[in-house]
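Input: a single structure, listed below in structure tokens.
Residue numbers begin at 1 in each chain, while the letters A, B, ... track the order of the sequences.
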Amino acid sequence: MAIDYKDTVFLPKTDFPMRAGLPKKEPELLAYWADLELFSRQRAESAGRPPFVLHDGPPYANGHLHIGHALNKILKDVISRSQQMMGKDSNYVPGWDCHGLPIEWKIEEQYRADGQNKDDVPILEFRNECREFAAKWIDIQSEEFQRLGVIGNWHDPYTTMAYGAEAQIAREIAKFAMNGGLYRGARPVLWSVVEKTALADAEVEYEDHVSPSIYVRFPVVSGADRALDGAAIVIWTTTPWTIPGNRAIAVGAELDYVRIRVEVVNEKSRVQVGDELVIAKALRESACQEMGIEGSEDVALLRGEDIVGSVCVHPLHAKGFDHEVPVFAGDFVTIDQGTGFVHIAPSHGEDDFHLGRAHDLSVPDMVNEVGCYFEHVPLFAGMAVLTPDGDEGEANGAVMSVLEGENALLGRRRLEHSYPHSWRSKAPLIFRNTSQWFISMKTNDLRDKALTAISETRFVPSQGQTRLRSMIETRPDWCISRQRAWGVPIPIFVHKQTGELLRDQAVFDRIAEAFAAEGGDSWFASPPSRFLGNDYDAEEYEQVRDIVDVWFDSGSTHAFVLEDRDDLQWPASLYLEGSDQHRGWFHSSLLESCGTRGRAPYDAVLTHGFVMAEDGRKMSKSRGTDVSPQETVESLGADILRIWVVSSDYSEDLRLGPEILKHQSDLYRRIRNTLRFLLGNLDGFEDSERVPVVEMPELERWVLHRIHAMDALVRQTTDDFEFHTQWTALHNFCAVELSAFYFDIRKDALYCDSVDSVRRRAARTVLDALFSYLTAWLAPILCFTAEEAWLARRSGSDVDSVHLRTFPDVPNTWRDDALANKWEKVRNLRRVVTGALEIERAEKRIGSSLQAAPTVYVDGETAAAMTGLDLAEICITSGGTLVEAAPPDSAFRLSDVEALAVEPALAEGEKCARCWQVLPDVGASDYPDVCGRCAAAINGRQGSAD
RNA sequence: AGUCAUGUAGCUCAGUAGGUAGAGCACUCGACCGAUAAUCGAGAUGUCGUAGGUUCGAUCCCUACCGUGACUACCA
């Protein structure tokens with residue numbers, strides 16, 4: 001008897017599953033793209049479009065990816081893809097940083113594990129092992145990046161160890177050699193005794209360290225002021241081993257000092273009653289306490305400037321350190337601690353070096369590369385400051401005991417303070433005078449050029465500009481030499497007799513040629529004559545054996561990637577890295593490029609923050625708060641991780657953890673179901689169904705207006721790299737405007753109207769548009785899901801991948817501000833009706849809103865807005881009456897909408913068995929339990945719903 | 001140690017020429033049972049980091065402090 005009308009209703013139909021199964025689906029899509037050769041097709045199809053070159057900052061090729069890599073590469077990918085869809089030719093070439101200490105260190109460890117000393121391994125063999133190690137990790141990381149959905153030229157990435165790259169890096173060094181920017185300088189650098197190399201700033205970490213803290217007496221032999229005669233200046237240091245290198249004392253010219261006569265000392269004190277010492281007034285108390293002085297008398301007060309020009313003798317002058325020790329003014333002298341006098345050893349400190357240089361002090365070579373005093377150093381020759389393992393050597397103790405013997409040691413204790421350490425071996429470092437190669441910040445106005453370049457670069461967020469500028473303003477010359485094995489050789493020759501750097505382009509050309517053919521190895525494998533040619537006698541030249549700082553490698557990527565590849569462009573449109581790269585890649589690239597090409601290698605720089613755990617603190621394995629990208633992808637899918645990237649504000653630190661990932665999964669489901677609804681309701685859609693915009697109901701035209709606005713927002717936020725705003729807007733559009741409003745209203749027409757209904761056809765026309773726009777807008781973010789949806793509906797003529805599309809144009813005629821305004825009022829009315837129905841529901845008078853037929857009292861404005869609209873349709877009721885009149889007091893109102901009121905009522909009639917509306921005309925036609933519309937729909941149905 | 005950021009509902013984020021705050025999600029309750037491990041609706045939720053100050057009034061301005069992060073320095 002009862003007909004099952006379900007078969008006559010046009011219910012959504014699609015193979016696009018509600019449950020995504022991303023961990024399984026994503027690899028299938030990756031395989032599909034591989035078959036399609038998607039990246040090549042993108043390049044081919046976008047040939048001639050304006051280029052967008054996001055130049056990849058190379059990750060270091062060791063170890064699996066961590067979440068920071070994932071953030072970085074996903075953000076790059078979203079930008080690269082969205083620029084592509086904005087109509088650019090967005091060609092992304094990933095790269096890797098291959099040389100340098102971390103890899104070298106790993107290989108050394110392997111040798112150590114085998115009981116071998118790496119110094120015994122032939123350098124070419126060693127370098128080859130490093131190369132293979134890097135190659136192995138490049139393959140692994142490449143896989144892991146691709147699994148995240150990152151699209152790019154993975155078939156032909158760049159690496160800093162490619163022969164071509166090594167050759168170009170050599171050419172870049174040669175440019176600095178030829179233009180005079182490169183020079184050999186003797187200066188103290190932070191030196192690792194363990195790794196036997198100078199370290200770059202970026203390779204230094206500061207850790208707490210216990211050092212001896214000593215007070216040392218420097219007797220005045222020639223006071224600049226009579227008040228100094230016969231007294232001794234007291235210095236304080238935490239590095240006793242630098243005392244042999246002492247050449248001066250610094251005093252704060254503006255500080256107050258006092259000459260005291262010691263009256264009372266405790267039993268442990270090394271000071272004699274009657275000693276006369278000069279110290280800073282402000283530090284008198286603390287210094288006296290440290291030296292065990294319990295009573296003293298002021299002899300004289302002095303200003304620092306009165307002391308400048310005095311001369312002391314070295315505390316070990318009787319033991320072979322017989323040079324004078326002049327007192328200079330130093331603006332770095334503070335009264336935080338110590339004595340207000342700083343002992344100056346020009347070989348062992350930055351301040352010391354500069355002060356010494358200003359006063360023509362000698363910069364003696366005191367300590368060799370393994371941290372032992374040179375043979376020429378009296379008393380201490382051969383003693384170690386630090387052992388080869390980084391432990392404290394005998395030097396400090398020896399110096400202190402000799403000082404003590406000379407009655408120069410006035411106090412000693414242990415002090416824990418922050419001290420530089422190697423990032424790699426974690427061993428303490430020392431300042432050591434060495435011969436190193438530098439790029440001058442002054443020659444060729446490098447600093448000025450760099451500063452100008454910064455002001456001409458777009459920074460996102462803008463604070464980055466200030467940050468980079470202040471770094472460039474104050475940084476010293478760039479020390480580019482490393483006494484290591486795994487890197488690009490600094491390919492230069494020095495004339496043995498004159499010390500002159502050989503500047504001959506022909507020589508450099510031969511070197512680059514060799515590197516291009518055989519890599520940097522050829523520098524070590526070939527006789528110097530191969531490069532010097534016939535014009536020079538190899539015997540007369542020293543071949544430099546240093547390698548170049550890896551920051552110079554990566555700082556040159558713009559040369560061997562952007563300039564070298566025909567399908568790229570110099571300068572890059574964008575560099576994008578974590579904010580730590582202000583002192584890293586952004587910095588080195590800028591200097592390298594300004595020094596050789598006079599401008600930055602990038603038009604814009606974007607920085608992102610770091611990934612923190614959910615509690616806002618650093619991720620920590622031991623606390624279990626670290627998130628592995630591999631595990632996340634395997635359990636949830638890369639698209640979830642990609643949502644996380646765009647839903648976070650990358651200009652600050654980002655948080656990530658289980659709860660946040662769950663949140664992203666929820667957001668994902670909403671988007672996925674929106675796509676599924678579109679697909680299900682577009683089943684069988686054909687072009688012939690389309691309804692022209694002018695014939696569409698207002699509701700459809702309102703959706704088109706919203707599409708127009710979303711399009712503008714998507715494009716704007718893409719240009720501004722504001723993906724968080726974009727994602728939020730997209731999600732709200734799907735959740736609030738489509739799902740909760742438009743779809744909800746139109747389900748009735750889509751399911752129940754007859755196939756030829758203009759209303760239904762118009763809705764399907766709009767759903768088709770929504771599908772087109774949404775898949776495009778989502779494609780840069782949800783690269784997998786957007787593709788899955790696209791392919792679910794692709795017919796023969798459609799393009800093979802959503803990623804071969806661009807954001808579709810939106811006709812300007814879709815914009816209709818007046819309509820949008822009108823519909824603001826309509827939606828407001830709907831809110832009130834919904835509120836009224838909720839009461840009815842709570843009172844159990846209705847369940848479904850289709851049981852209701854409310855009377856709505858409106859003001860003139862709202863009445864005008866509702867002209868021509870069907871109240872019941874919009875409110876999803878079965879009926880309703882609009883009355884422009886004052887409502888009865890009993891009517892339902894919302895507190896914030898005074899002009900509207902609703903008097904609920906039950907709809908009259910029977911429930912239609914097909915559309916479930918309660919209507920008076922149910923049973924009026926051939927079908928006893930069906931309304932007139934549905935009867936017509938059933939009769940007119942042409943087997944569409946099977 | 002210093003500098004600079006940052007601290008708004010459980011989560012991601014908005015916001016306020018200074019008048020005690022919002023959106024989505026999550027949560028709870030309800031409806032539907034033809035987007036169904038969906039969909040719709042309603043609701044509660046916050047001393048706007050802490051303590052002072054300026055002000056009639058501060059989440060928004062000032063100061064200090066605390067937490068977190070990044071950077072810089074290393075200082076003898």
Side-chain angles (χ1 to χ4, degrees), chain A residues 5-6 9-14 18-19 190 201 204 206 213-214 235-239 242 246 249-250 330 332-334 336-345 348-352 417-420 431 463 466-467 470-471 474 578-580 582-583 607 609-610 612 614-618 643-644 647-649 651-655 657 659-667 669-670 672-681 724-725 727-729 731-732 734-736 739-741 743-744 747-748 750-752 831 834-835 837-842 844 846-850 876 914-916:
Chain A
Y5 291 102
K6 189 162 185 165
V9 177
F10 305 102
L11 294 177
K13 189 182 165 206
T14 175
M18 185 156 65
R19 305 253 295 157
L190 277 171
D201 292 347
V204 177
Y206 290 86
S213 152
I214 60 167
I235 66 95
W236 174 70
T237 181
T238 55
T239 49
T242 62
N246 175 278
I249 290 171
F332 50 85
V333 179
T334 63
D336 294 342
Q337 49 188 344
T339 63
F341 291 103
V342 176
H343 121 76
I344 296 298
H348 302 306
E350 191 81 25
D351 288 337
D352 308 51
H417 63 150
S418 164
Y419 190 84
F431 265 108
Q463 298 93 292
T466 320
R467 192 155 156 194
S470 60
M471 281 181 185
T474 56
S579 57
D580 58 331
H582 283 107
R583 76 165 179 179
T607 52
F610 285 76
M612 299 295 141
E614 254 165 16
D615 59 4
R617 302 171 59 193
K618 260 194 181 69
I643 290 178
W644 165 69
S647 66
S648 304
D649 177 1
S651 70
E652 292 170 20
D653 289 344
L654 297 78
R655 298 187 182 202
E659 187 182 349
I660 293 171
L661 279 171
K662 182 186 175 297
H663 184 210
Q664 313 311 335
S665 305
D666 291 334
L667 299 179
R669 287 215 307 272
R670 190 23 147 320
R672 186 173 180 91
N673 276 322
T674 301
L675 293 170
R676 185 162 185 267
F677 183 87
L678 291 172
L679 285 164
N681 287 96
H724 170 259
T725 309
W727 166 256
T728 305
H731 181 266
N732 278 7
C734 289
V736 180
S739 188
F741 183 63
F743 292 172
D744 208 29
K747 274 191 276 193
D748 173 74
L750 287 165
Y751 297 172
C752 300
R831 273 178 56 223
T834 304
L837 295 186
E838 198 57 33
I839 304 283
E840 298 309 291
R841 206 170 264 138
K844 301 292 177 197
I846 63 167
S848 162
S849 61
L850 288 176
I876 318 183
R914 182 166 176 275
C915 73
W916 300 343

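A centroid separation of less than 6.0 Å is found between the aromatic rings of A:Phe677 and A:Phe743.
Between the side chain of A:Ser470 and the main chain of A:Arg467, a donor-acceptor pair closer than 3.5 Å is present.
Under the Watson-Crick or G-U wobble criterion, with both distances below 3.5 Å, B:rU55 has no partner in any strand shown. Base pairing annotation: B:rC11 forms a Watson-Crick or G-U wobble pair with B:rG24, both donor-acceptor distances under 3.5 Å. In this structure, B:rA73 forms no base pair with any nucleotide, since neither Watson-Crick nor G-U wobble geometry is met with both distances under 3.5 Å. Searching all strands for a Watson-Crick or G-U wobble partner of B:rC48 with both distances below 3.5 Å returns nothing.
The separation of B:rU6 from B:rG49, taken at their P atoms, amounts to 13 Å, rounded to a whole angstrom. On the P atoms, B:rU63 is 12 Å away from B:rA5, given to the nearest whole Å.
Judged by closest nucleotide on RNA chain B, A:Arg19 is the one of A:Arg19 and A:Asp351 placed further toward the 5' end.
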| task | Report the C-alpha distance between A:Arg676 and A:Asn673 in whole Å, list the side-chain angles of each, state the deciding distance to 0.1 Å, and finish with yes or no for side-chain contact (heavy atoms from CB on, under 4.5 Å). | result | CA-CA 5 Å; A:Arg676 185 162 185 267; A:Asn673 276 322; 4.3 Å; yes

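Below the 3.5 angstrom threshold, one finds a donor paired with an acceptor across the side chain of A:Ser739 and the base of B:rA35. Between the side chain of A:Lys662 and the base of B:rA26, no donor-acceptor pair under 3.5 Å is found.
Nearest nucleotide to the side chain of A:Asn673, out of B:rA31, B:rA35, B:rC75: B:rA35. The side chain of A:Trp236 lies closest to B:rC75 when the candidates are B:rC32, B:rC75, B:rA70.
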| field | Contact pattern, 5' to 3', of nucleotides 1-13 of chain B - B, S or - by protein heavy atom under 4.0 Å | value | -----S---SBSS

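A stacked arrangement is not assigned to A:Phe610 and the six-membered base ring of B:rG69, the conditions of a centre distance below 5.5 Å and an interplanar angle below 30° not being jointly met.
Across all strands, A:Ala842 comes closer than 4.0 Å to no nucleic acid atom at all (heavy-atom distances).
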